[in-house]
Amino acid sequence: MGDLLKGKVAAVTGGGGGIGRTICLLLAEEGAKVVVNDLGGSVGGEGASRGPAEDVANEVKKRGGQAVPNFQSVSTVAGGESITQDAVKNFGRLDILVHTAGILRDRMIFNMSEQEWDAVIAVHLKGMYCVSRPASMVFRQQRSGRLIGFSSTSGLYGNVGQSNYGAAKEGIAGFIRTAARDLGKYGVTANAIAPTAATRMTANLPDAAKEAKAKAGIKSNVGDADFKGGKGLEPEAIAPFVAFLASDEAANVNGQMFHVQGGEITLLNNPYLLRTMQKAGRWTAQEIHEIGSRTIFMDLRNPAPPASAAPGKG
Ligand SMILES: NC(=O)c1ccc[n+]([C@@H]2O[C@H](COP(=O)([O-])OP(=O)(O)OC[C@H]3O[C@@H](n4cnc5c(N)ncnc54)[C@H](O)[C@@H]3O)[C@@H](O)[C@H]2O)c1
């Protein structure tokens, strides 16, 4: 047992499985008392079970730590409030809120139903609000706290068949950049991690998305075989970075996005101005085409160029 987080209380959403489970175990090993939240549904968010949260809370206790399970959905305000309440009721305070809960409902945008869109936004993005608001009220009063969100390269770089997930994960990037500014003066930080790890979520990437990605010539540095064969992509590799962000040592790391995969930790850039073209007065569309193609658009690449035999092109 370490003591990096001695005396602190953490709540981890989606703590019953995958990356969240390993975070619960490590935060507890580092001395934190943990609320293990998990709805216990499928990767697609169907169903519910008390098993995953209960099992992880028991595992923490078996290893000599302190934990309580919470079975509520992060996608409701009441569920989010219950997580902070359970921390305060059982352990007297809350210092660390990690929002790891997530689901996938991949579909190409032209086929995506409203339900598929809403379900994914509700868990990841609305969930970020539902769990962060009550936690940040406590953090503000105690003048300290850590909010840690989970994003994804699918949102930050773009990925085929994931407009719902991508929008939610990019939304989390915007959320932490902004929450960092709301909360920094109270001694609270907000950061996010885009992880890559072999979990049930990456075990069965939908074939439709894989095929579309291959057709579009989009290559990933991590393939299916890597997810199945380990290769350092164990979810345990993400937890130490969470423990660091949650600690007092990370007091000035605020509003940042990191990619973590195996032994690699990368600080990602926040959006910044890349190139600007300016004239006195307004541009015409023709001028934008002529000047822009030689300046600001000169080396842009279409991530999914039209197929050579595109419909209507003969
Ligand atoms: N594994 C990866 O490579 C990867 C890549 C990019 C982003 N992520 C993100 O990391 C996070 C963890 O993913 P994972 O790979 O461990 O997935 P996972 O499916 O193994 O774990 C997600 C957990 O969230 C829980 N959950 C789902 N909906 C919930 C709800 N409404 N309320 C409470 N709990 C709920 C699930 O029951 C599950 O235990 C997710 O936010 C995911 O989007 C993972």
Side-chain angles (χ1 to χ4, degrees), residues 9-24 27 34-57 67-90 94-105 115-139 145-152 154-155 164-176 178-179 190-195 199-201 235 238 242 246:
V9 177
V12 182
T13 76
I19 297 168
R21 173 183 163 274
T22 68
I23 295 169
C24 291
L27 298 190
V34 186
V35 177
V36 182
N37 158 269
D38 207 293
L39 181 64
S42 67
V43 176
E46 291 97 359
S49 156
R50 296 165 75 95
E54 238 157 33
D55 288 351
V56 174
V68 292
N70 172 293
F71 312 108
Q72 302 302 311
S73 173
V74 296
S75 60
T76 67
V77 165
E81 283 172 351
S82 78
I83 297 169
T84 291
Q85 280 162 5
D86 277 1
V88 173
K89 191 174 72 196
N90 288 283
L94 180 65
D95 302 284
I96 302 155
L97 190 292
V98 189
H99 178 39
T100 320
I103 62 167
L104 283 184
R105 291 204 188 169
Q115 208 187 13
E116 287 164 340
W117 174 269
D118 283 348
V120 168
I121 299 289
V123 177
H124 295 274
L125 187 55
K126 186 178 173 198
M128 192 81 222
Y129 162 76
C130 293
V131 301
S132 298
R133 180 170 191 256
S136 62
M137 288 166 75
V138 172
F139 293 166
R146 298 282 184 267
L147 276 180
I148 301 170
F150 269 73
S151 184
S152 169
S154 293
N164 50 1
Y165 185 71
K169 291 308 203 185
E170 179 66 28
I172 287 173
F175 178 95
I176 58 110
T178 308
N191 294 287
I193 298 168
T199 64
R200 68 175 194 170
M201 194 179 264
I238 313 298
V242 175

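Sequential numbering from 1 along the given sequence is applied to the chain's residues.
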**OP:** Provide the closest heavy-atom pair for Val9 versus Ala87 in the form atom of the first, atom of the second, distance.
**Re:** CG1-CB, 4.0 Å
Subject >> Distance in Å, Ile19 CD1 paired with Thr100 OG1, rounded so as to fall on 0.5 Å steps >> reply: 7.5 Å
Give every donor-acceptor pair under 3.5 Å between a side-chain atom in residues 168-176 and any protein atom, sequence neighbours left out.
| unit_1 | atom_1 | unit_2 | atom_2 | d |
| --- | --- | --- | --- | --- |
| Lys169 | NZ | His124 | ND1 | 2.9 |
| Lys169 | NZ | Phe150 | O | 2.7 |

**OP:** Could you pull out the closest heavy-atom pair between Gly18 and Thr199, with the gap in Å?
**Re:** CA-CG2, 4.0 Å
**OP:** Please report the shortest heavy-atom distance between Ala190 and Ala179, naming the atom on each side.
**Re:** CB-CB, 4.0 Å
Original post:
Distance from Leu147 atom CG to Met128 atom CE, nearest 0.5 Å?
Top reply: 5.5 Å
**OP:** Please report the shortest heavy-atom distance between Ser151 and Pro195, naming the atom on each side.
**Re:** O-CD, 3.3 Å
Subject >> Spacing of OG belonging to Ser42 relative to CZ belonging to Arg200, to within rounding of 0.5 Å >> reply: 6.5 Å
**OP:** Mind checking the CD1-OG spacing from Ile121 to Ser75? Nearest 0.5 Å is all I need.
**Re:** 12.0 Å
Original post:
For Val35, which of Asn70, Thr13, Ile96, Val88 qualifies under side chain to side chain contact (heavy atoms under 4.5 Å, CB included)?
Top reply: Asn70
Subject >> Student check: side-chain heavy atoms of Val56 and Asp38 closer than 4.5 Å >> reply: no
**OP:** Using modelled atom types only, decide if a donor and an acceptor are shared between the side chain of Asp86 and the backbone of Val68 within a distance under 3.5 Å.
**Re:** no
Original post:
So do the side chains of Ile148 and Ile193 get within less than 4.5 Å of each other, counting heavy atoms only?
Top reply: yes
Subject >> pair Val77-Tyr129: side-chain heavy atoms closer than 4.5 Å >> reply: yes
Subject >> Pair Val74-Ile83, side-chain contact (heavy atoms from CB on, under 4.5 Å): steps then yes or no >> reply: CA-CA 9 Å; Val74 296; Ile83 297 169; 4.2 Å; yes
Original post:
Looking only at heavy atoms, which two atoms of Pro134 and Cys130 are closest? And how far apart?
Top reply: CD-O, 3.1 Å
**OP:** Measure the spacing between CG of Leu97 and CG of Asn37 and express it to the nearest 0.5 Å.
**Re:** 9.5 Å
Original post:
Around Glu46, counting heavy atoms of other residues, nucleotides and ligands shown, do more than 12 lie under 6.0 Å from its CD?
Top reply: yes
Subject >> Contact check, side chains of Leu104 and Val120, non-hydrogen atoms, under 4.5 Å >> reply: no
**OP:** Please round to the nearest 0.5 Å and tell me the distance separating atom CD of Gln72 and atom CG of Leu39.
**Re:** 8.5 Å
